[in-house]
Amino acid sequence: MKKQIFLLLTGTALLLTGLPTVHASENEGYGSWLFSLSRKKEIEPVTDKVYNEECGSCHMPYQPGLLPEASWQKLLTAKALENHFGENAELENKTRQHVLDIAVKNSADKSYRKRSKKIMRSLDDNAAPLRITEVPYIMNKHEDVIADYIKTKKVKSLSFCSECHMRAKQGIYDDDTVRIPGEK
C-alpha cells in the first residue's frame, strides 16, 4: 500500500513539475493509442535532408504534420507534381517516393503533436485539403490578420509561413514568434 501511494505521489509530482516524462511516438512502434505526458505543442520539424532539399528548392519545406496523409498522397503523385500549383515540380520516382514516405510517416493524422491534433480535429472525416491555407484550424488562426498585412510584396499570401512565423522552419508557429511585415 505504501509503495502504491509513493508511486502515485511521485507520478503526480512529475506531472506537475514537468521533469522527466514519458514519450511515445509512432516512430517507436507503440502506435497512436499511446500519448506523451509532455506532448509537444508545435509541429514536428523535418530533419530529412532529401525532403528539405527537394521541397525547399521552391518554397519552405512544409512540415508533414500540417496536413493529413490523404493530402500528401494527393499532392505527391507523379501526375500532381507535373503541375504543382502552377509549377513543374516533377521528381525522379525514387526521390518522389522518399519524399512521400516522409510526408506520410509524419502526417498530421499520425502525429502526437498537439497542433497537428488540432488540425485533424478541424477537418471533416476523409478531408484531404491540397493547401495548408485551406485547413479550417489554420484559417481560423489567421482570421484576425488584416489582408493588407498578408498581401505585401514580401508576404504575398498565407502560404509564405516563414515571412511572419520567424521559427516556422523549426515547426514553431506560436504567437510569440510572429512578426508581420508592415504591421504597425
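Gly171 and Gln63 make their closest contact through N-NE2, 3.3 Å (heavy atoms, listed as atom of the first residue, atom of the second, distance). Listed here is the closest heavy atom pair of Pro136 and Ser122: CG-O, 3.4 Å. In this structure, Lys74 and Ala80 approach most closely via the heavy-atom pair O-CB, 3.2 Å.
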Task: Chi angles and distances behind the side chain to side chain contact (heavy atoms under 4.5 Å, CB included) call for Leu100, Gln97 - done: CA-CA 5 Å; Leu100 176 61; Gln97 189 60 54; 3.9 Å; yes
- [ ] Output, in order, the C-alpha distance, side-chain angles, deciding distance and verdict of side chain to side chain contact (heavy atoms under 4.5 Å, CB included) for Ser116 and Ile43.
- [x] CA-CA 6 Å; Ser116 291; Ile43 304 293; 3.5 Å; yes
Return a table of donor-acceptor pairs under 3.5 angstrom between the side chains of residues 81-89 and protein atoms on other chains or two or more places apart.
{"residue": "Asn83", "atom": "OD1", "partner": "Gly86", "partner atom": "N", "Å": "3.0"}
{"residue": "Asn88", "atom": "OD1", "partner": "Glu90", "partner atom": "N", "Å": "2.9"}
{"residue": "Asn88", "atom": "ND2", "partner": "Glu90", "partner atom": "OE1", "Å": "2.8"}

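For the pair Arg115 (side chain) and Glu42 (backbone), a donor-acceptor distance under 3.5 Å is absent. Between the side chain of Asn52 and the backbone N or O of Val46, at least one donor-acceptor pair lies under 3.5 Å. Judged by distance alone, with hydrogens and angles left aside, the side-chain atoms of Ser162 form no donor-acceptor pair with the main-chain N or O of Ala168 at under 3.5 Å. Here the side chain of Trp72 pairs a donor or acceptor atom with the backbone of Pro64 at under 3.5 angstrom. With Ser111 contributing its side chain and Ala108 its backbone, the two residues share no donor-acceptor pair below 3.5 Å.
Here the side chains of Val99 and Arg96 are not in contact, with every heavy-atom distance at 4.5 Å or above. Two residues are said to be in side-chain contact when any heavy atoms from C-beta on lie closer than 4.5 Å; Met120 and Tyr137 fail this criterion. Put simply, the side chain of Lys169 reaches to within 4.5 Å of the side chain of Met60, judged on heavy atoms.
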